[in-house]
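This report concerns only the one structure given below.
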Amino acid sequence: MELRLYDTLSREKRTFVPLDANNVRMYVCGPTVYDFAHIGNARPVIVFDVLFRLLRHLYGEAHVKYVRNITDVDDKINDRAARDFPGLPLNEAIRKVTEQTGKQFHADVDALGALRPSVEPRATEHIGEMREIIERLVAGGFAYVAEDHVLFSPQAMNAANSTLPRYGALSKRSLDEMIAGARVDVAPYKRDATDFVLWKPSKPGEPSWPSPAGIAAPGRPGWHVECSAMAWKHLGEYFDIHGGGIDLVFPHHENEVAQTCCAFHQERMANYWMHNGFLQVEGEKMSKSLGNFVTIHELLADWPGEVLRLNMLKTHYHSPIDWTMKSLEESARTLDDWYRAAADVEPGKPAASVLEPLLDDLNTPLAIAALHGLRGSDVNGLAASLRLLGFLSESAAQWEGRKQQASGVDAKDVERLISERTAARARKDFKESDRIRDELAAMGVTIKDSKDGTTWEIAR
RNA sequence: GGCCACGUGGCGGAGUGGUUACGCGCCGGUCUGCAAAACCGUUUACUCGGGUUCGAGUCCCGACGUGGCCUCCA
C-alpha cells in the first residue's frame with residue numbers, strides 16, 4: 001500500500017517517499033496566539049492530524065515527527081495586549097495574552113480529537129535560529145540592511161544562477177506579476193517592491209531582541225523567518241511535508257522556501273507542500289464585520305468535538321467547505337449511530353476500504369462512505385477504522401450521557417414517565433400514553449419501543 | 001486589474017473517458033394500538049455554450065458564477 005499526496009509545488013499527486021522512513025518529518029503552520037481560534041483555523045489542525053495518524057500507522061509511532069509552531073510575536077498580539085491589559089507593561093501583557101490564548105487553543109484542539117504534535121515550538125524561543133538564518137542570508141547576498149531593517153531580495157535569489165528554486169515557483173507567480181499586481185505602497189527603504197522583511201526595529205516597549213547583521217537598535221523578526229527557523233531547528237534543512245492553509249501559499253510559504261533554500265543552499269525546503277482549502281459559514285465568507293465569526297470554543301459548547309471533526313472530514317481537504325448547522329446536525333446523527341454500533345465493541349483492524357481512500361491523498365469523504373459500508377457488515381472493523389481517524393474516544397454510555405447532560409434532562413423523571421406510560425398502555429389508555437409521549441418529546445426525549453421494553457435517548 | 005482554485009441530484013459530497021458512489025432528506029414497506037426508533041427498499045445529477053472522441057460529469061476552448069491570494073504578516 002503506498003501513500004499518494006497532492007503537492008502544491010508540482011501540481012500533481014505523487015507517491016510519498018520519505019527522505020528517511022525511520023524519521024518522517026512534517027511541519028504545519030500553527031496559530032498566532034492573540035484570540036480564540038475560529039472554525040477555519042480548525043481545518044488544518046484536523047486535516048493534518050489525520051495525516052499524522054496515517055503516517056504513524058504506516059511508519060510507526062516512533063518514526064514520525066510532526067512540528068506545529070506557535071507564533072507568539074506579532075503586531076496583533078501587541079494590539080490585543082495593549083487593549084486587554086492597559087495597566088500592565090506591554091511585555092507582561094503580551095505574556096498574559098499568549099499564555100491565555102495558547103492554553104485555550106490547546107483545549108480546543110484536544111476536544112477536536114487532534115493528537116498533540118511531536119513538538120510545538122514557540123517563535124520567541126527560536127530567535128537565535130532566526131538571527132542565524134538572517135546572518136547567512138546577508139552573507140550570501142540574498143538580504144541587505146536598510147534603516148535597521150533586514151530585507152530579503154527575491155531578485156537577488158533569482159539572479160543567483162544556482163540550483164536554488166525560482167522565487168514564485170510555489171505560488172506560480174513571476175516577479176513581474178507581483179510588481180504589476182502590488183496594491184500596497186512600497187516602503188521607501190526597499191530596493192525592490194518585492195523585497196520582504198526578515199527583521200525590523202521594535203518600537204519602544206515592544207518585545208525586542210539584539211539585532212543581527214550589525215544593526216545596533218534592538219528589533220524583532222518578521223513572520224516568515226519564524227517558520228523557517230523553527231522548521232530548521234526541529235526538522236532540518238530539508239524535510240518531507242510542509243502544510244498549512246491555502247491562504248498561506250503566498251507570501252508566507254513562498255518566502256519560507258526562499259529563506260530556507262538560500263540560507264542552506266538547498267534545492268527544496270520540503271518534498272511535499274500540502275494546503276487545505278478555505279471555509280465559509282452558511283454560504284458566506286467568515287468575517288467579524290458580517291457577524292458570522294464562529295470560534296471553536298463557541299461550537300464546543302453545543303457540539304462534541306468529534307462532531308466538528310467528522311463534519312470537517314466530510315469534505316476533501318483541498319475543496320472549499322461551507323460550514324452549516326444542517327451539516328453539523330447530520331454529522332451528529334451519524335456519530336450517534338456509530339457510537340451505538342461500534343464504541344463498545346472490540347476493535348479489529350482498520351479496514352482496507354477505509355485505508356485505501358486515505359492513502360489516495362487523504363480522500364476522507366470516500367473513507368467515510370466506506371465506514372457506512374462497514375456499519376452493516378463489520379462493526380469491529382468500523383471501530384478500528386474510526387479510531388484510526390481519531391473518533392470513538394469515549395464509551396457509548398459517555399457519549400449518550402454527554403447529550404443528556406447538555407440537555408439538562410433528569411434521567412429519573414424520564415424513567416418515571418416511561419413507567420407511567422407503560423402502565424397506561426397496558427390498560428389500553430392510549431390517550432394517556434400518548435400524552436406522556438408528547439410530554440417526553442417536549443423535553444427532547446425520544447422513546448424507542450421494542451419487544452424487550454422501552455428505551456430512550458436525547459433527540460438531536 | 002493580475003495570478004490561482006472551485007461549480008455534481010432537495011441537501012452534503014466522492015468519482016478524470018464507457019458499470020450503483022455514499023450519507024441525509026423525501027417516498028414506500030416491515031414492526032407498532034397509532035407513532036417514534038430500528039431494519040428493508042425506491043427516487044432524482046453532473047452551471048451554460050462550443051469542440052475532440054465510436055463514446056465526456058470526466059479531455060480542450062469560451063462564458064457565467066463563487067471563493068482565495070496580490071508582500072510588514074493569516
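Numbers restart at 1 for each chain; the letters A, B, ... are given by sequence-line order, proteins then strands. When reading the values below, keep in mind they use all heavy atoms of this one structure, side chains included, and skip hydrogens, waters and symmetry mates.
Checking the phosphate oxygens (OP1, OP2) of A74(B), no side-chain nitrogen or oxygen of T32(A) falls inside 4.0 Å. Contact annotation: R375(A) reaches the phosphate of C39(B) (side-chain N/O to OP1 or OP2, under 4.0 Å). OP1 or OP2 of G15(B) sits under 4.0 Å from a side-chain N or O of N363(A).
When each of T364(A), V45(A), L279(A) is tested with M312(A) by the rule side-chain contact (heavy atoms from CB on, under 4.5 Å), just one qualifies, namely L279(A). The residue from V145(A), V225(A), L137(A), V197(A) that alone fulfils the side-chain contact (heavy atoms from CB on, under 4.5 Å) condition with V150(A) is V145(A).
Partner assigned to G12(B) is C22(B), using Watson-Crick or G-U wobble distances below 3.5 angstrom. Summarising the base pairing, G28(B) is matched to C40(B) through a Watson-Crick or G-U wobble pair whose two defining distances lie under 3.5 Å. Across every strand in view, G33(B) sits unpaired, with no contact that passes the Watson-Crick or G-U test at under 3.5 angstrom. Nucleotide C69(B) forms a Watson-Crick or G-U wobble pair with G2(B), both donor-acceptor distances falling under 3.5 Å. Of the nucleotides present, G7(B) is the one that pairs with C64(B) by Watson-Crick or G-U wobble criteria, both distances under 3.5 Å.
Taking atom C1' in both U43(B) and U20(B), the straight-line distance is 13 Å, to the nearest Å. Straight-line distance between the P atoms of G12(B) and A38(B): roughly 23 Å, to the nearest whole Å. U47(B) sits 38 Å from G29(B) when the C1' atoms are compared, rounded to a whole Å. Atom C1' of U58(B) sits at a distance of 15 Å from the matching atom of A21(B), rounded to the whole Å. A gap of 24 Å separates the P atoms of C26(B) and G33(B), to the nearest Å. A gap of 35 Å separates the P atoms of A74(B) and G62(B), to the nearest Å. Taking atom P on both C27(B) and U32(B), the two are 22 Å apart, rounded to the nearest angstrom. Here the separation of U8(B) from G23(B), taken at their C1' atoms, is 15 Å to the nearest Å.
Each of Y6(A) and T334(A) lies near RNA chain B, and the nucleotide nearest Y6(A) is the one positioned closer to the 5' end. Looking at which nucleotide of RNA chain B each of S319(A) and I368(A) is closest to, the 5′-most match is held by S319(A).
Within the 4.0 angstrom heavy-atom criterion, no nucleotide atom of any strand lies near S450(A). Among the heavy atoms of the strands lying under 4.0 Å from R11(A) are primed sugar atoms or P, OP1, OP2 only; no base atom is included. Note on D74(A): a base of the nucleic acid sits closer than 4.0 angstrom, heavy atoms only. At the heavy-atom level, K76(A) lies under 4.0 Å from the strands shown only through sugar-phosphate atoms. Note on T455(A): nothing from the nucleic acid sits closer than 4.0 angstrom, heavy atoms only. Residue contacts for F278(A): at a heavy-atom cut-off of 4.0 Å it reaches the sugar-phosphate backbone alone, with no base atom in range. As judged by a 4.0 angstrom heavy-atom cut-off over every strand, H316(A) is placed among residues touching the sugar-phosphate backbone only. Across all strands shown, D247(A) has heavy atoms under 4.0 Å from sugar-phosphate atoms exclusively, and none from any base. Across all strands shown, K200(A) has heavy atoms under 4.0 Å from base atoms, whether or not it also approaches the sugar-phosphate.
In the set G33(B), C73(B), A36(B), C73(B) carries the atom at the smallest distance from any side-chain atom of H224(A). Picking from C22(B), G33(B), A37(B) the nucleotide with the shortest atom distance to the side chain of T446(A) gives A37(B). Looking at the side chain of K172(A), the nearest of the listed nucleotides C72(B), C4(B), A36(B) is C4(B). Counting only heavy atoms from C-beta on, T315(A) has its side chain closest to A14(B) among A74(B), C34(B), A14(B).
With hydrogens and angles left out, the side chain of T324(A) and the base of G12(B) share no donor-acceptor pair within 3.5 Å. No donor-acceptor contact under 3.5 Å links the side chain of R437(A) to the base of A36(B). Counting atom types as modelled, D434(A) pairs a side-chain N or O with a base atom of G33(B) as donor and acceptor under 3.5 Å. For A74(B), its base never sits under 3.5 Å from the side chain of N41(A) at any donor and acceptor pair.
For R68(A) and F48(A), the positive end is not near the middle of the six-membered ring at less than 6.0 Å and at most 45° from its axis.
Taken to the nearest 0.5 Å, the CG atom of L308(A) stands 9.5 Å off from the CG atom of D302(A).
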Query raised in the report: Between H242(A) and H275(A), is a ring pair (Phe, Tyr, Trp, His ring centres under 6.0 Å) present by the stated rule, with each step listed?
Result: CA-CA 9 Å; H242(A) 190 130; H275(A) 293 97; 7.7 Å; no
Query raised in the report: Would W338(A) and H372(A) satisfy ring pair (Phe, Tyr, Trp, His ring centres under 6.0 Å), going step by step from the backbone distance to the final call?
Result: CA-CA 9 Å; W338(A) 285 345; H372(A) 289 300; 5.2 Å; yes
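Side-chain N or O atoms of D74(A) include one that pairs as donor or acceptor with a backbone N or O of K76(A) at under 3.5 Å.
Taking 4.5 Å as the limit, some side-chain heavy atom of N78(A) sits within range of a side-chain heavy atom of P207(A).
One atom, CG of L328(A), and another, P of G23(B), lie 20 Å apart when rounded to the nearest Å.
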